[in-house]
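Reading through the structure tokens given below for one structure.
Predicted, not measured: the structure shown is a model, and the values here were computed from it.
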Amino acid sequence: RRALPFLLQALAVFEQKGITGVQLVSTLNNLGQAHRFAGDGKEAVRYYERAIETAKRDLGPDHAMVSAVELNLGDLALSRKKYAEAEQHLRQALRIDERRLGRDHPDVARDTARLAIVHLRQKQYGIASGEFGEALAILDRSNSTLTAEHADWFELRARLLRGAENYAEAAQLEAKAMRIRVKLLLR
């Protein structure tokens with residue numbers, strides 16, 4: 001909440017001076033985030049949508065900022081249990097990131113895992129398991145540095161596999177998640 005007056009002031013300055021581009025889009029996105037975390041989803045959506053419109057116009061439809069704001073809109077919709085809306089925004093971010101970065105990039109894995117979470121929340125376990133599997137395969141192909149979030153993905157997929165009585169593969173994924181967490185602790 002404390003950031004809101006400063007962000008609004010920055011927005012007013014940008015608008016007064018005609019500043020566009022990344023600075024304006026970042027400020028609009030940050031205003032969306034500030035409203036989201038203050039519990040005002042309606043205002044958050046208003047700023048996010050304005051950020052997307054501005055980013056597409058000033059930076060191009062496949063710019064990283066368009067993807068970032070789509071992800072934020074998707075996360076907000078997911079937190080509000082608006083699953084169809086969440087999926088729409090997350091799929092748009094995924095499409096942008098695939099075009100920008102290629103299929104085997106860690107950001108594409110992140111987007112795919114977020115879609116898996118949407119399906120997991122809707123109890124669409126088969127779809128979620130497949131998407132987590134794809135996200136993990138992308139991480140493997142990209143030789144990405146693994147994080148605690150990635151360990152979470154391994155554990156979520158393992159739980160889904162256990163539910164499908166695929167205990168051997170689930171155990172392998174749980175062990176990998178544990179190795180990641182131990183490695184992170186020992187850093």
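Residues Arg114 and Asp111 are not paired through a salt bridge, judged by the lack of any N-O separation under 4.0 Å between the basic side chain and the carboxylate. Between Asp62 and Arg99 there is a salt bridge, with a side-chain nitrogen of the basic residue lying less than 4.0 Å from a carboxylate oxygen of the acidic one. A salt bridge does not link Arg157 with Asp152: none of the charged nitrogens is closer than 4.0 Å to a carboxylate oxygen.
Looking at every heavy atom in both residues, Gly102 comes nearest to Val108 through O-CG2, 3.3 Å. Summarising the geometry of Ala86 relative to Leu78, their closest heavy-atom pair is CB-N, 3.6 Å, with the distance given to 0.1 Å. Among all heavy-atom pairs drawn from Ala10 and Thr27, the shortest one is CB-CG2, 4.3 Å. Taking each heavy atom of Asn30 and Leu7 in turn, the nearest pair found is O-CD1, 3.7 Å. The minimum heavy-atom distance linking Leu28 with Ala51 is given by the pair CB-CB, 3.6 Å. In terms of heavy atoms, Ser26 sits closest to Met65 at OG-CE, 3.7 Å.
If you take CZ on Arg110 and CH2 on Trp153, they are separated by 8.0 Å, rounding to the nearest 0.5 Å. The distance from atom NE2 of His119 to atom OH of Tyr83, rounded to the nearest 0.5 Å, is 11.5 Å. Here the CD-CD1 distance, from Gln92 to Ile52, works out to 8.0 Å after rounding to the nearest 0.5 Å. For the atom pair Glu98 CD and Arg103 CZ, the distance stands at 4.5 Å (nearest 0.5 Å). Distance check: Lys176 NZ to Leu136 CG gives 8.0 Å after rounding to the nearest 0.5 Å. A distance of 10.5 Å separates CG of Leu139 from CG of Asp104, quoted to the nearest 0.5 Å.
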Checklist entry - Which is it for Leu160 and Leu120 under the side chain to side chain contact (heavy atoms under 4.5 Å, CB included) test, yes or no, and what are the steps along the way? => result CA-CA 9 Å; Leu160 291 166; Leu120 184 62; 3.6 Å; yes
Checklist entry - salt bridge (charged side-chain N to carboxylate O under 4.0 Å, His left out) between Glu174 and Arg162: does it pass, once the steps are laid out? => result CA-CA 11 Å; Glu174 290 163 341; Arg162 281 194 183 284; 2.7 Å; yes
Item to check | Worked check of side chain to side chain contact (heavy atoms under 4.5 Å, CB included) between Leu24 and Leu11 | outcome: CA-CA 7 Å; Leu24 177 59; Leu11 179 61; 3.5 Å; yes
Checklist entry - Step by step, would you call Arg181 with Glu155 a side chain to side chain contact (heavy atoms under 4.5 Å, CB included)? => result CA-CA 11 Å; Arg181 292 190 191 287; Glu155 290 170 348; 3.0 Å; yes
Checklist entry - How far apart are the C-alpha atoms of Leu115 and Glu87, what are their side-chain angles, what is the distance that settles it, and do they pass the side chain to side chain contact (heavy atoms under 4.5 Å, CB included) test? => result CA-CA 6 Å; Leu115 280 168; Glu87 184 173 353; 3.8 Å; yes
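If you chain together hydrophobic residues whose side chains sit under 4.5 Å apart, Ile138 and Leu173 fall into the same group. When hydrophobic clusters are built by joining Ile, Leu, Val, Met, Phe, Trp and Tyr residues whose side-chain heavy atoms come closer than 4.5 Å, directly or via intermediates, Val69 is not grouped with Val22. Cluster annotation: Phe14 is connected to Leu31 through the hydrophobic network of ILVMFWY side chains, with a link wherever side-chain heavy atoms come within less than 4.5 Å. In terms of hydrophobic clustering, with Ile, Leu, Val, Met, Phe, Trp and Tyr side chains grouped at heavy-atom distances under 4.5 Å, Leu156 and Leu146 are assigned to a common cluster. Both Ile117 and Phe154 belong to a single network of hydrophobic side chains, linked directly or stepwise wherever heavy atoms of I, L, V, M, F, W or Y lie under 4.5 Å apart.
Counting Ile, Leu, Val, Met, Phe, Trp and Tyr side chains that sit under 4.5 Å apart, directly or through other members, Leu101 stands alone, with no cluster partners.
Distance alone, capped at 3.5 Å, is enough to place a donor-acceptor pair between the Glu131 side chain and the Ala116 backbone. Of the possible polar contacts, one joining the Thr147 side chain to the Glu149 backbone as a donor-acceptor pair under 3.5 Å is found. Ser129 contributes no side-chain N or O that, together with a main-chain N or O of Tyr125, makes up a donor-acceptor pair within less than 3.5 Å. Between the side chain of Gln23 and the backbone N or O of Ile19 there is no donor-acceptor pair closer than 3.5 Å.
Residues Thr54 and Thr20 fail the side-chain proximity criterion, which asks for heavy atoms closer than 4.5 Å.
The salt bridge (charged side-chain N to carboxylate O under 4.0 Å, His left out) search around Glu85 returns none, not counting sequence neighbours.
With a 6.0 Å radius and a threshold of 12 heavy atoms from other residues, nucleotides or ligands, Glu169 has its CD atom above the threshold.
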Taking distance alone, no hydrogens or angles, what donor-acceptor pairs closer than 3.5 Å link side-chain atoms of residues 35-45 to residues at least two apart or in another chain?
unit_1: Asp40; atom_1: OD1; unit_2: Glu43; atom_2: N; d: 3.3
unit_1: Glu43; atom_1: OE1; unit_2: Arg46; atom_2: NE; d: 3.2
unit_1: Glu43; atom_1: OE1; unit_2: Arg46; atom_2: NH2; d: 2.9
unit_1: Glu43; atom_1: OE2; unit_2: Arg46; atom_2: NE; d: 3.1

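Looking only at atom types and distance, the side chain of Ser67 has a donor-acceptor partner in the side chain of Asp97 under 3.5 Å away.
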